[in-house]
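Here the structure is laid out as structure tokens; the discussion comes afterwards.
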Amino acid sequence: MLAGKTVVALGERDGVSGPAIAACAEAAGATVAFTATECFV
Amino acid sequence: MDLRSQEAILRLAESHGRDDIVVIIGAPDPESAEIAAETVRLGDPTYAGPLAGAQLGLEVFHVLHEEVQADVPPEVWDSQIGVMADILDVDGINAAIEEIRSRPLDG
Amino acid sequence: MTMPEPVLLGATQVLAHVPGLAIHGSKPRRELPRHPEVEGAFLAALRSFDDAVAYPPHQVFLGALHPRQLPPRPWVGAPAPDGTSRFGPAGEIMPDHEFLGLLAAVDHFGLVTLDPAVAEQAAVALAAHPLAKHLDLDRIDAATGDAAAVATRPGSLPLHLGTDHGGVAAAVVSAHEADEALSAVVLLDNLAAKATAALALLHVLRSTGVDPTSVDYVIGCGEEAIGDRYQRGGGNMAKAVAEVAGLTEASGMDVKNFCAAPIPALVMASSLVASGVFGRVAVVAGGSLAKVGMKFQGHLRHGLPILEDVLGGAAALIGPDDGVSPRVRLDSVGRHKVSAGGAGPQIMEALAVEPLRRLGIPMADVNDYATELHNPEITEPQGSGDVAARNYKLIAALAARAGSIVADKEAQAGFVAEHGMPGFAPTQGHLASAQCYLPHARARLTSGGGDRVMLLAKGSLFLGRMSQLSDGMSVLLERNGNDDNDDNPKGR
């Protein structure tokens, strides 16, 4: 599903962070175009 | 959602073709997953950012969705996600995103 | 030469109830002018001082009860806990008219002008304060003037009391017309941080009986950055606080690490004591005005008061072993390495699991884990969930994975109930990040029944846009005389 896709990795500090999502997406063969982590506290 | 993230998503959607893009979110609970999913599909519900009124209809999954996990090599999954899969409310999060995905886009 | 064992001589914290300053928090300051219709609802939802004193999480913050003694939620509208008072074992909550006076008392640049009636009220109240003799109350006189007129000057900021937005109670001027780092709102942020940190430091000197001139160094770990446009985070809040608190023989510096800063500051202070470089070192942090009112939209949506209407402040004093105070175990420090990446479990593994594995201490032998103890009643209405609860679930899951507890839901829930606690701190991240537990930790490890407390803090470095990483640090506090080869009976 992710191979060849362009992925936007929108992480959250208290869930899964942007870099962790990006690492998964890249390992799945996607290109990560944008990575961010949000922090609401 | 952070305004800079909204801006980046808007630019990508314009330059890449929407079918090519998958948004993967890492929200810790259903409420925050719903807001993120709504923002990239139906527009910014807070009307604060560049995606206000923008119905991009982008494909969106939580990183803990089984279809995402199925694509990720187990050793990467274990080091990057690990026990988060056990402690977050995966079913609640996926249901919240599914609810947003089920809403029709205008026009 | 044997190295002195660093111990936690004392820890205090304070709150300043500042409903009148709430509109100067970063979020209200941006949103309210864009939605004038919301401003009335915002002002109407501010709390009275009595409500702020009686709010159970505040009483926990002041040490009157342990976090695990909090009543069931909701805490808004709950009866005041037994023994509720403005002054608690760990510090105090100060009303806003006194706090405006305190701002003037720590202002060395004529930045604050107080309306005469406000100045009079503040001077009378502060003269009767237990710390009055340590406050430079003459500065309140000097700051008295036509605040309303000063507030109309370009770049000035009017300040109000409570919900009374009719009258100008005080004004803050900018220090440079072209320098955003010296604008009135930044200077107010910094003065508020200075005042709350100084108040907490005075309390810790009073509670420990330590002579202010015996403190050699002060480390600031608050969230504000002091400086000018050429060096926006130049510093040094710690020394400014030392000066107003009468620590004439001390110098100081600031440690920056987003919300995680207090633990590195505590570790550095303890290291300075252990190495013999300094004898006594204070760690101080003031409140973050920028974060006041941050989640007001969620609070209004849920019919709650504006719960972020207080500034926090904290101070801890580290010194050589006195035979009584909890030890800071420098061999237990956990840090989040660059190579550990940005995944949440890896951060927690590095902070909570690795240090204990290294020391051979079972995870269940740590009585209390003090992590990010944000008050969930503040965070949940804005969709941020229960930060403390999530941290404890993660720690329990890692404990199960490490084989420290049985890997089932029931055992993990039991671990959380026994070793975790509800969040209670104002959402000023550095205060919530373990630091707010220091007075409780000291009580647990001296007069209470605990042997070990782990403090762990995380900082969201990615917010500064220089790295996608987070950071974190952890350290163990231990009951004095807890060594296996130590037969000192007072230890247990």
Side-chain angles (χ1 to χ4, degrees), chain A, chain B residues 1-13 15-33 35-37 39-40 56 58-82 84-85 87-90 93:
Chain A
M1 176 191 74
L2 292 175
K5 294 283 188 180
T6 299
V7 160
V8 175
L10 293 181
E12 273 193 47
R13 191 202 80 123
D14 280 346
V16 179
S17 72
I21 296 173
C24 289
E26 275 167 10
T31 304
V32 177
F34 182 74
T35 303
T37 307
E38 298 211 19
C39 171
F40 295 108
V41 289
Chain B
M1 184 186 298
D2 186 81
L3 305 189
R4 197 176 137 264
S5 297
Q6 293 194 31
E7 203 180 289
I9 291 166
L10 187 59
R11 251 189 282 119
L12 272 177
S15 64
H16 270 70
R18 297 175 190 183
D19 294 343
D20 183 45
I21 298 172
V22 180
V23 179
I24 306 183
I25 63 176
D29 49 40
E31 293 77 21
S32 124
I35 294 170
T39 306
V40 301
L56 298 182
L58 297 179
E59 188 65 278
V60 56
F61 288 101
H62 195 277
V63 67
L64 295 181
H65 195 283
E66 56 187 14
E67 285 191 41
V68 176
Q69 183 175 1
D71 273 10
V72 180
E75 67 279 7
V76 175
W77 183 264
D78 193 53
S79 72
Q80 300 298 327
I81 308 295
M84 292 311 289
I87 67 168
L88 297 184
D89 173 11
V90 180
I93 287 170

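Order of the sequence lines fixes the chain letters, A, B, ..., with proteins taken first and strands second; residue numbering starts at 1 for each chain.
Annotation for B:D2: atom CG counts as buried by contact number, over 12 foreign heavy atoms lying within 6.0 Å. Residue-environment remark: CD (B:E75) exceeds the threshold of 12 foreign heavy atoms within 6.0 Å.
When all heavy atoms of A:C24 and B:Q80 are compared, the pair lying nearest together is SG-CB, 3.9 Å.
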Run the side chain to side chain contact (heavy atoms under 4.5 Å, CB included) test on A:M1 and B:F61 for me, step by step, so that the C-alpha distance in whole Å, both residues' side-chain angles and the decisive distance to 0.1 Å come before the verdict. CA-CA 11 Å; A:M1 176 191 74; B:F61 288 101; 3.5 Å; yes
Go through the steps for B:V40 and A:V8 under the test side chain to side chain contact (heavy atoms under 4.5 Å, CB included), then give the verdict. CA-CA 10 Å; B:V40 301; A:V8 175; over 6 Å; no
Would you sort out whether B:R4 and A:F34 count as a side chain to side chain contact (heavy atoms under 4.5 Å, CB included), showing the intermediate values? CA-CA 11 Å; B:R4 197 176 137 264; A:F34 182 74; 4.0 Å; yes
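When heavy atoms are compared at a cutoff of 4.5 Å, B:V68 approaches chain A by way of both its backbone and its side chain. Only the side chain of B:V63 comes within contact range of chain A, judged by heavy atoms closer than 4.5 Å. Using a 4.5 Å cut-off between heavy atoms, B:I81 touches chain A through its side chain atoms alone. Only the side chain of B:I9 comes within contact range of chain A, judged by heavy atoms closer than 4.5 Å. No part of B:A36 comes within reach of chain A, as not one of its non-hydrogen atoms sits under 4.5 angstrom from that chain. B:L88 touches chain A through its side chain: at least one heavy atom from C-beta onward sits under 4.5 Å away, while N, CA, C and O do not. When heavy atoms are compared at a cutoff of 4.5 Å, A:A27 approaches chain B by way of both its backbone and its side chain.
Interface summary for chain B: among A:V7, A:T6, A:T37, the most heavy-atom pairs under 4.5 angstrom belong to A:T6. Among B:A8, B:S5, B:A70, the residue with the largest count of heavy-atom pairs under 4.5 Å with chain A is B:S5. With respect to chain A, the highest number of heavy-atom pairs below 4.5 Å among B:D71, B:I25, B:V72, B:I93 belongs to B:D71. Note on B:I21, B:V76, B:D20, B:I87: by heavy-atom pairs under 4.5 Å with chain A, the leading option is B:D20.
A:K5 contributes a side-chain N or O that, together with a main-chain N or O of B:D19, makes up a donor-acceptor pair within less than 3.5 Å.
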